2 protein chains.
Amino acid sequence: MLCYNWSMSADPSPTLEDVARVAGVSRATVSRVINETRNVAPEIQEVVRRAVIATGYVPNRAARSLVTRRSDAVGVVVAGTDLSDSLSAGQFLTDPFFGRLLTGIIGALKPRGIFPALMLAENEADDAAITAYFKQGNADGALLISTHPEERLPALLDAVGRPAVRFARPARPAPVSYVDLAHREGGRVAANHLASLGRRRPVAISGPLEIPAAQERQAGYEEGWARAGCAFVPAAEGGFTYDSGERAMKELLDRVPELDAVFAASDLMAQGAIHALHDAGRRVPEDVAVVGFDDSAPARLSRPAITTIRQPLEAMAAEMVRLLLERIDDPGAGPTSVIFDPELIVRESA
Amino acid sequence: MLCYNWSMSADPSPTLEDVARVAGVSRATVSRVINETRNVAPEIQEVVRRAVIATGYVPNRAARSLVTRRSDAVGVVVAGTDLSDSLSAGQFLTDPFFGRLLTGIIGALKPRGIFPALMLAENEADDAAITAYFKQGNADGALLISTHPEERLPALLDAVGRPAVRFARPARPAPVSYVDLAHREGGRVAANHLASLGRRRPVAISGPLEIPAAQERQAGYEEGWARAGCAFVPAAEGGFTYDSGERAMKELLDRVPELDAVFAASDLMAQGAIHALHDAGRRVPEDVAVVGFDDSAPARLSRPAITTIRQPLEAMAAEMVRLLLERIDDPGAGPTSVIFDPELIVRESA
DNA sequence: AAACGATGGGAGAGCGCTCTCCCGTTTTGC
DNA sequence: GCAAAACGGGAGAGCGCTCTCCCATCGTTT
């Protein structure tokens with residue numbers, strides 16, 4: 001059997017005490033140098049730094065947390081029960097939308113040396129477990145990403161004294177900061193683009209209308225068309241998923257055979273719609289122009305590539321982190337919010 | 001301005017001491033009841049439980065960690081530098097493959113009440129930060145998911161006494177447990193399926209050949225065809241991505257115009273290949289049959305739906321968790337490994 | 001020259017828990 | 001029936017840090 005020098009023996013990590021002894025100073029002084037918490041004579045700082053390196057010292061987080069009452073950790077909570085045919089939290093992890101958000105969060109957290117704990121909240125038991133987790137002091141605050149408009153978590157977290165920042169405005173007032181997109185503006189941009197292409201028979205595939213974002217996109221789209229002289233826009237409701245987009249498109253083709261423009265409130269639904277149109281013998285974009293929403297990977301990769309409304313998810317994620325850390329550092333502050341602008345990305349489908 | 005009863009005042013959490021006082025017993029007894037660490041008279045247990053509920057007590061994790069020297073946390077490390085045109089760790093997060101794995105990990109960890117910390121390792125600085133994180137006692141062990149065959153992390157983590165379980169066998173011996181798929185068998189199954197369809201002009205789009213899994217799939221595929229009487233299989237190397245699949249397919253169409261069967265080592269590459277075939281005027285599956293690998297969402301959703309080799313990722317993720325927790329609970333144990341079987345999923349493309 | 005604040009270091013308490021040791025009481029074995 | 005063992009509870013040390021005091025040594029002001 002192969003034998004390497006692995007797992008030699010984990011001799012106990014050096015403590016502050018050890019470093020202090022090596023440096024010939026007190027524990028307090030070493031602590032001050034490490035945390036830059038008070039002036040220390042430069043030559044002593046140097047001695048301490050050398051001792052830290054010599055001993056390979058690394059502070060024990062549990063001990064520090066015990067006294068500071070901070071964990072220097074944050075949680076990312078993905079919430080959402082499987083309502084209608086919308087995404088459940090579990091499925092959501094495979095959504096490219098989520099991947100981009102997570103990438104942004106991790107990147108923004110990295111400079112602080114913190115790695116987010118990932119949690120799924122799919123039911124009340126999960127909510128309880130997550131709340132307990134925070135109450136135990138495992139994390140100082142939460143980043144909430146939810147596919148569900150009704151949420152108990154903001155209130156629960158607030159009750160255990162943990163600030164939270166939500167992606168998207170909550171459906172009803174809740175004790176959370178949030179970061180959101182100007183969805184209405186996004187819908188308007190989609191309508192304007194389609195109108196400028198000379199289309200006159202628009203339809204819409206909206207997201208679940210109990211979600212504020214879906215409502216807003218739809219309202220903006222209708223508003224845009226109203227200004228372009230089209231007062232009524234037939235619409236079908238989907239659940240942001242591929243399948244629901246396909247289904248909604250079929251329904252709309254039945255109801256409005258003469259349609260020539262589609263706005264789907266997510267790229268996945270746009271992809272489903274395009275396939276449904278294809279199956280019905282319509283060409284995209286020649287016969288029907290399609291605009292999606294999000295600018296996720298499928299928009300770029302599918303054929304025809306989907307013209308879409310881009311959400312600057314990475315920047316939004318970074319802002320969420322900024323807001324959260326700000327509230328953790330200043331527990332007195334209340335919730336705030338930031339709204340980002342959407343951007344039209346023109347590709348092949350419209 | 002609206003004013004709710006939010007953030008009333010975070011009165012300090014009750015401690016063990018408080019519970020003990022309420023229950024009229026000692027701290028030690030309460031601790032024993034909570035941790036079920038020794039026999040306690042049933043009636044006293046009952047009294048203690050009542051006191052815990054009455055006070056709303058929840059143990060402070062930092063204090064516990066300080067003495068147990070365990071954090072009851074684990075990290076999920078996503079590693080991989082951007083080699084050639086393979087996926088970088090950041091992009092990888094948007095990969096459905098990763099989403100499924102993560103879902104499996106979170107699900108398997110939930111019963112233990114632990115939520116994984118997510119970290120990206122894209123360069124040596126990240127490796128150092130991650131190693132320090134573990135050394136600080138933030139997590140007891142790591143689940144490694146890498147797109148990169150060369151890895152420093154297993155050795156680094158081992159050096160700080162933290163067990164690790166890797167997804168996929170490491171390229172060279174390393175102090176990690178791992179869970180993997182019988183990739184060779186998967187390649188063989190793909191070849192057999194295509195052969196049974198009557199195809200006789202096979203080609204392959206492999207993954208990056210420095211990755212063992214890609215090698216094995218390719219070897220199995222060639223072996224399968226060899227048994228079916230086809231000694232030589234033209235192949236092009238891709239990077240598991242959509243674009244690389246498209247490119248490789250174009251190249252193969254040039255080199256082997258008469259091809260009638262393609263095995264792509266990932267569904268994403270299969271999707272790219274199908275589009276390239278389509279652009280070249282070939283029908284799938286009538287003219288060319290295509291088999292992918294992974295059974296990821298694109299395989300199910302794209303048209304034609306892709307016949308593929310399924311990796312039981314959720315089960316594999318659960319096994320990774322099991323192996324890791326086992327090693328955390330028994331620090332004496334050495335690395336082990338488990339291999340899973342692939343499964344052919346027949347859809348439209350072959 | 002005396003009094004004073006400013007500066008930089010050390011001593012030591014204590015964060016909330018676990019766990020070893022200890023001791024009184026009950027059960028067991030011969 | 002009596003020693004030994006087993007059981008169930010309490011006391012208290014101490015995990016590795018931070019942070020509040022406290023004190024010695026300066027430099028500065030009147």
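So you know, we letter chains A, B, ... as the sequences are listed, proteins then strands, and number each from 1. In this text, all values refer to a predicted model and were calculated from it rather than measured experimentally.
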Legend entry - Of B/S26 and A/N60, the one whose closest DNA chain D nucleotide lies more 5': B/S26

Legend entry - Selection: residues 37-48 of chain A, any non-hydrogen atom under 4.0 Å of DNA chain C: A/R38, A/N39, A/V40, A/A41, A/I44

Legend entry - Residues A/E46 and A/R50 bridged, charged N to O under 4.0 Å: yes

Inset, instruction - May I have the distance from B/D72 (atom CG) to C/dC17 (atom P), rounded to whole angstrom? - result: 14 Å

Find every protein N or O atom lying less than 3.5 Å from an N or O atom of nucleotides 12-15 of chain C, and list the pairs.
residue	atom	partner	partner atom	Å
C/dA13	N6	A/R27	NH2	2.9
C/dC15	O3'	A/R69	NH2	2.6

Legend entry - SB check A/R70 A/D329 (cutoff 4.0 Å): yes

Inset, instruction - State which residues pass ring-ring contact (aromatic ring centres under 6.0 Å, His included) with A/Y133; sequence neighbours excluded, sorted by chain then number. - result: B/F115

Legend entry - Distance in angstrom units between A/N35 CG and D/dC19 P, rounded: 7 Å

Legend entry - Under 3.5 Å: donor-acceptor pair, side chain of B/D140, backbone of B/V74: no

Inset, instruction - Calculate the interatomic distance between B/E17 atom CD and C/dG16 atom C1'; express it in whole Å. - result: 9 Å

Legend entry - Given B/V176, B/L324, B/V165, the one that forms side-chain contact (heavy atoms from CB on, under 4.5 Å) with B/L144: B/V176

Legend entry - Gap between atoms CZ and P, on A/R32 and C/dG10 respectively (whole Å): 8 Å

Legend entry - Euclidean distance, B/T103 OG1 relative to A/L120 CG, rounded to 0.5 Å: 7.0 Å

Inset, instruction - Inspect the contact between B/D180 and B/R169 and indicate whether a charged nitrogen and a carboxylate oxygen are less than 4.0 angstrom apart. - result: no

Inset, instruction - Could you tell me the separation between the CD atom of A/E36 and the C1' atom of D/dC19, rounded to a whole number of Å? - result: 17 Å

Legend entry - Atom-to-atom span, CZ of A/R70 to C1' of D/dC19 - whole angstrom: 15 Å

Inset, instruction - Round to a whole Å and report the spacing from CD1 of B/I34 to C1' of C/dC17. - result: 10 Å

Inset, instruction - Between C/dT18, D/dG9, C/dG16, spot the one nearest the side chain of B/S31, thanks. - result: C/dT18

Legend entry - Salt-bridge contact B/D72-B/R112 (side-chain N to carboxylate O under 4.0 Å): no

Inset, instruction - Look at the side-chain N and O atoms of B/S65 and state whether any lies under 4.0 Å from the OP1 or OP2 oxygen of C/dC17. - result: no

Inset, instruction - Would you mind reading off the distance between A/D18 atom CG and D/dC17 atom P, rounded to a whole angstrom? - result: 9 Å

Inset, instruction - State plainly whether the residues B/R21 and B/E17 are in salt-bridge range, i.e. N to O under 4.0 Å. - result: no

